[in-house]
Amino acid sequence: MGFLDKVFTSQTEQVDVEEYLNNLDVEEEAVYEDADAYVKSMTLRDNTDVPAVEKELKDGNLVLLNVEDMAKRNARGLRDAIVAIKSMVF
């Protein structure tokens with residue numbers, strides 16, 4: 001264990017793991033007001049969510065679309081929603 005102790009601990013700086021883990025929640029991500037595009041995570045639950053996805057795409061943002069809920073409940077509706085979104089993009 002002596003070798004691993006040397007690898008995982010620094011001789012000049014000791015890190016308090018508990019303090020580090022407690023402070024993870026305190027740090028907030030900075031919002032970039034002048035960014036060209038944002039990455040948005042959205043969930044497609046039904047066809048009423050399509051306009052919100054289209055709005056984000058029109059604004060130039062990248063959308064990570066979770067379709068799992070709709071795929072389980074309504075595969076045909078999901079196909080129609082994807083076709084509508086693709087027709088707006090392409």
Side-chain angles (χ1 to χ4, degrees):
M1 275 322 233
F3 174 74
L4 292 177
D5 289 337
K6 290 179 183 178
V7 171
F8 291 113
T9 59
S10 171
Q11 299 298 329
T12 58
E13 179 182 342
Q14 294 292 329
V15 177
D16 185 8
V17 176
E18 187 173 328
E19 180 181 341
Y20 174 77
L21 293 174
N22 287 336
N23 290 330
L24 282 178
D25 296 334
V26 175
E27 296 180 19
E28 295 183 16
E29 294 183 18
V31 176
Y32 299 99
E33 297 297 331
D34 59 343
D36 293 333
Y38 296 100
V39 177
K40 303 278 181 117
S41 175
M42 301 179 78
T43 301
L44 189 65
R45 291 182 179 87
D46 53 36
N47 287 340
T48 59
D49 294 330
V50 172
V53 173
E54 289 178 343
K55 179 192 175 303
E56 291 298 333
L57 292 170
K58 285 178 185 175
D59 291 344
N61 296 322
L62 302 172
V63 176
L64 300 176
L65 194 58
N66 180 359
V67 297
E68 184 179 16
D69 293 339
M70 193 168 180
K72 289 179 182 177
R73 292 183 281 119
N74 187 0
R76 178 164 287 192
L78 174 61
R79 183 178 59 90
D80 294 341
I82 297 299
V83 167
I85 293 169
K86 282 176 66 174
S87 68
M88 193 275 309
V89 173
F90 294 113

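- Between Gly60 and Ala37 the shortest heavy-atom distance is O-CB, 3.1 Å.
- Grouping the Ile, Leu, Val, Met, Phe, Trp and Tyr side chains by contacts below 4.5 angstrom, directly or via other members, places Val63 apart from Tyr38.
- In the hydrophobic cluster analysis, where Ile, Leu, Val, Met, Phe, Trp and Tyr join through side-chain heavy atoms closer than 4.5 angstrom, Leu65 is grouped apart from Leu62.
- The minimum heavy-atom distance linking Met70 with Leu78 is given by the pair CE-N, 3.4 Å.
- Counting heavy atoms from C-beta on, the side chains of Leu44 and Asp69 never come closer than 4.5 Å.
- Identified under the side chain to side chain donor-acceptor pair (under 3.5 Å) test for residues 49-62, with sequence neighbours left out: Lys40-Glu56, Lys55-Asp59, Glu56-Asn61.
- Within the structure, side chain to side chain donor-acceptor pair (under 3.5 Å) contacts touching residues 73-86 (residues at least two apart or in different chains) do not occur.
- When the side chain to side chain donor-acceptor pair (under 3.5 Å) test is applied to Thr48, the partners found at least two apart in sequence or on another chain are Asp46.
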